[in-house]
Amino acid sequence: MDDLVIAGRKFGSRLIMGTGGAANLAVLERALVASGTALTTVAMRRLDAGGGPGVLALLERLGIEALPNTAGCHTAAEAVLTARLAREALETDLVKLEVVADDRTLLPDPIELLDAAEQLVDDGFTVLPYTNDDPVLAQKLADAGCAAVMPLGSPIGTGLGIRNPHNIEMIVAAASVPVVLDAGIGTASEAAQAMELGCDAVLLATAVTRASDPEAMATAMRLAVESGRLARGAGRIPRRYWAHASSPAVD
Amino acid sequence: MNVLVNGDVTEVGPGATLADVLAARGVPERGVAVAVAGEVVPRAAWRSTTLRDGSVVEVLTAVQGG
């Protein structure tokens, strides 16, 4: 499959993984390897907090680039500080920008998100914002200089799939930067659907890490993203109202 | 004097630098980032950053998430 290119950087997989929710690092490692991912998110937390520092070493050993996120931030100021700390700790200018409005929906706060995106772009970051499935906001984020836009399919961790495929198609149609379907994917067919809608990549975590068999689901997701990408490029047939025989007429 | 490191009250000598406090806590050189009073302090400035009584120090690292 052709590389995913974000801000001039090439990634050999169109499946971006998250690391949250895995039972332990051994399970996570098998899932990441099976997924074929080249880019994987991590969160920033206090050094002595739970969760362990082993995930960075794991990604380094597997040759997977770390994508720090600003999960847990509710304001632009919090997100900007977290991004700066991540840049210092991980020596990367990549950031998955997350600014959520509340902890029940975890939906992005569009006002704070755009504000944070503008500040981080000005500060030299390569900003990948987790955003609503709103074509207008996605366009504003791209105009602000974000390197990609990452609309949700449905709220984080719900596994409800892509609730508004038409909005995702509109975001793709207008996009001047790569579109990454981020959040809400529950199973492989939904990852394939994202790619068929024209997304450049899929970002998921929970669907794999909380599956009964994370390694098998990671394999399924890898194949689904590849299938969806191929199908998108292959050009699907138009939908017809009436049947159209695929065998020759009887003589 | 006392400083707050990741929420823990920590007693340090007068004139203590950020590097002193981090070393006493066993903070590794790589894979972490430090903020004092809400501003990132780059690794290169840890030795030259002196703390005051009541300084708020946050030490972060990457964990599973997202």
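Quick caveat, the model's predicted, so the values are computed rather than measured. Within every chain, numbering begins at 1; the chains are lettered A, B, ... in the order of the sequence lines, protein sequences first and strands thereafter.
Heavy-atom distances place both the backbone and the side chain of A:L85 under 4.5 Å from chain B. For B:V34, the part lying under 4.5 angstrom from a heavy atom of chain A is the backbone only. Residue contact with chain B, scored on non-hydrogen atoms closer than 4.5 Å, involves the side chain of A:L28 exclusively. When heavy atoms are compared at a cutoff of 4.5 Å, A:E60 approaches chain B solely by way of its side chain, counted from C-beta outward. Of the atoms belonging to B:R25, it is side-chain heavy atoms, and not backbone ones, that fall under 4.5 Å from chain A. A:A22 touches chain B through backbone and side chain together, each having a heavy atom under 4.5 Å away.
Across all non-hydrogen atoms, the minimal contact from B:L60 to A:R46 is CG-N, 4.1 Å. The minimum heavy-atom distance between A:L90 and B:A62, with the atom names listed, is CD1-CB, 4.0 Å. Taking each heavy atom of A:A205 and B:G66 in turn, the nearest pair found is CB-O, 3.1 Å.
Judged purely by atom type and a 3.5 angstrom limit, A:T41 uses its side chain to pair as donor or acceptor with the backbone of B:G65.
A heavy-atom distance below 4.5 Å is not found between the side chains of B:V63 and A:V42.
Salt bridge present: B:R43 and A:E91 bring a charged side-chain N and a carboxylate O closer than 4.0 Å.
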- Message: Show, in sequence, the C-alpha distance, side-chain angles and deciding distance for B:V32 and A:E88, and conclude whether the side-chain contact (heavy atoms from CB on, under 4.5 Å) test is met.
- Response: CA-CA 7 Å; B:V32 300; A:E88 172 72 11; over 6 Å; no
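Separating the OG1 atom in A:T82 from the CD atom in B:E58 is a distance of 10.0 Å, to the nearest 0.5 Å. Summarising the geometry, atom CD belonging to B:E39 is positioned 7.5 Å from atom CG belonging to A:L81; distances are rounded to the nearest 0.5 Å. Within the model, atoms CG of A:L56 and CZ of B:R30 stand 8.5 Å from one another, a figure rounded to the nearest 0.5 Å.
Ranked by heavy-atom pairs under 4.5 Å with chain B, the first of A:A43, A:G20, A:G18 is A:A43.
A 6.0 Å sphere centred on CZ of A:R9 holds more than 12 heavy atoms belonging to other residues, nucleotides or ligands.
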